[in-house]
Amino acid sequence: MTSAILSKVKERYAQALRDYLTGKGEEALRQAYEIGREAVAEGVTLLDMAAIHREAWLRFLGAAGPSEKDGAAFDFLAETLSPFEMIQRGYRDAVASLRR
């Protein structure tokens, strides 16, 4: 994976997170899912996504520090990571089926 791919994901993620935390709701969550799906396809790791989330969250907070939006930011991260979980779950299910 290239730094250009990570840069693209970082920018899209930061904008979608900002949209979600400023009230754009379901549309921003849909964007989160798509970002996660595309990140999986590009080979972005879960650790990369966690670092991207942290960077975007700190950019959003700026000098304000933590706020009541902490929980919403976590919900956003969870939605973005859901494609990773679905792929891992599918892999585990397939391995279990082969073992049977």
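Keep in mind that this is a model prediction, so the values were computed, not measured.
Closest approach of P83 to G36, counting heavy atoms only: CG-C, 3.7 Å. In terms of heavy atoms, A28 sits closest to A16 at CB-O, 3.7 Å. When every heavy atom of T45 is checked against every heavy atom of F84, the shortest pair comes out as C-CE2, 4.3 Å. Of all the heavy atoms in A32 and T80, the pair that sits closest is CB-OG1, 3.2 Å.
For the salt bridge (Lys or Arg N to Asp or Glu O under 4.0 Å) test, residues two or more places apart in sequence or in another chain that qualify with K24 are D19. Residues that satisfy the side-chain hydrogen bond (donor to acceptor under 3.5 Å, both in side chains) test with R30, not counting sequence neighbours, are E27. Q88 pairs by the side-chain hydrogen bond (donor to acceptor under 3.5 Å, both in side chains) definition with nothing, not counting sequence neighbours. Listed by chain and number, the residues in a salt bridge (Lys or Arg N to Asp or Glu O under 4.0 Å) with R59 are E11 (sequence neighbours excluded). Qualifying salt bridge (Lys or Arg N to Asp or Glu O under 4.0 Å) partners for R54, counting only residues two or more places apart in sequence or in other chains: none.
The existence of a salt bridge linking E38 and R12 is confirmed by a sub-4.0 Å separation between a basic side-chain nitrogen and an acidic carboxylate oxygen.
Rounded to the nearest 0.5 angstrom, T2 OG1 and E42 CD are separated by 7.5 Å. In this structure, Q15 CD and F60 CZ are separated by 11.0 Å, a value rounded to the nearest 0.5 Å.
Sequence neighbours left out, the pairs with a member in residues 7-32 that pass ring pair (Phe, Tyr, Trp, His ring centres under 6.0 Å) are Y13-H53, Y13-F76, Y20-F76.
Other members of the hydrophobic cluster containing M86, listed by chain and number, are Y33; membership follows side-chain contacts under 4.5 Å among ILVMFWY residues, whether direct or relayed.
A 4.5 Å side-chain heavy-atom check between L77 and L17 finds every atom pair outside the cut-off.
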